[in-house]
**Student:** 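Have a look at this one.
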Amino acid sequence: MKAKDLKTKSAEELNKQLIDLKDELFKLRFQHAINQLENPMRIKAVKKDIARVKTILREQELNGAES
């Protein structure tokens with residue numbers, strides 16, 4: 001996931017994607033706890049994706065407040 005792609009999305013789409021990513025992270029953590037996780041690096045990638053989405057949401061929020 002690229003930040004450039006996220007900047008073109010609306011706040012609604014970003015919030016939906018954030019919820020999906022948090023759900024995926026929960027499932028990955030659960031799999032990790034019961035030793036069924038095939039790719040442990042996926043947890044790190046999902047965390048970074050969550051951070052990207054939150055950053056873009058915050059940027060949009062600040063840009064909306066300035067206008």
Side-chain angles (χ1 to χ4, degrees):
M1 177 180 320
K2 301 281 185 184
K4 180 171 58 171
D5 300 333
L6 293 175
K7 288 183 180 183
T8 61
K9 294 186 178 186
S10 69
E12 274 185 30
E13 292 172 325
L14 289 172
N15 282 323
K16 183 184 180 321
Q17 189 165 12
L18 183 61
I19 291 169
D20 293 342
L21 286 168
K22 285 184 176 182
D23 185 50
E24 182 180 356
L25 181 61
F26 173 78
K27 290 176 183 176
L28 288 171
R29 285 181 172 160
F30 188 76
Q31 287 177 351
H32 182 67
I34 59 174
N35 293 325
Q36 290 186 349
L37 186 60
E38 292 179 16
N39 184 5
M41 294 304 294
R42 182 69 184 137
I43 292 175
K44 185 177 180 181
V46 171
K47 284 182 180 181
K48 285 190 175 192
D49 289 343
I50 289 171
R52 280 188 194 101
V53 170
K54 284 185 172 183
T55 300
I56 301 300
L57 279 170
R58 181 67 178 149
E59 284 178 2
Q60 288 180 356
E61 181 181 312
L62 292 174
N63 288 338
E66 291 174 5
S67 298

**Student:** So, using salt bridge (Lys or Arg N to Asp or Glu O under 4.0 Å) as the criterion, who are the partners of E38 when residues are at least two apart?
**Tutor:**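 Residues passing salt bridge (Lys or Arg N to Asp or Glu O under 4.0 Å) with E38: none at all.
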**Student:** How far does CG of L18 sit from CD of E13, to the nearest 0.5 angstrom?
**Tutor:**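 The CD atom of E13 is 13.5 Å from CG of L18, to the nearest 0.5 Å.
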**Student:** Could you note down all residue pairs passing side chain to side chain donor-acceptor pair (under 3.5 Å) where residues 22-31 supplies at least one of them, sequence neighbours left out?
**Tutor:**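 Passing the test, one end in residues 22-31: D23-K27, E24-R42.
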**Student:** I need the I19 CD1 to L14 CG distance, nearest 0.5 Å.
**Tutor:**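 Reported to 0.5 Å precision, the distance equals 11.5 Å.
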**Student:** Take I56 and E59, measure what side-chain contact (heavy atoms from CB on, under 4.5 Å) needs, and give me the verdict at the end.
**Tutor:** CA-CA 5 Å; I56 301 300; E59 284 178 2; 3.8 Å; yes
**Student:** Quick one: pull up CG in L21 and NZ in K16 and give me the separation to the nearest 0.5 Å.
**Tutor:**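 Reported to 0.5 Å precision, the distance equals 10.0 Å.
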**Student:** Are R58 and E61 within salt-bridge range, i.e. N to O under 4.0 Å?
**Tutor:**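 Salt bridge between R58 and E61, a charged N being under 4.0 Å from a carboxylate O: yes.
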**Student:** Find the distance between CD1 (I50) and CG (D20) and round it off to the nearest 0.5 Å.
**Tutor:**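 It comes to 10.5 Å.
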**Student:** So do the side chains of L6 and Q17 get within less than 4.5 Å of each other, counting heavy atoms only?
**Tutor:**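 They are in side-chain contact.
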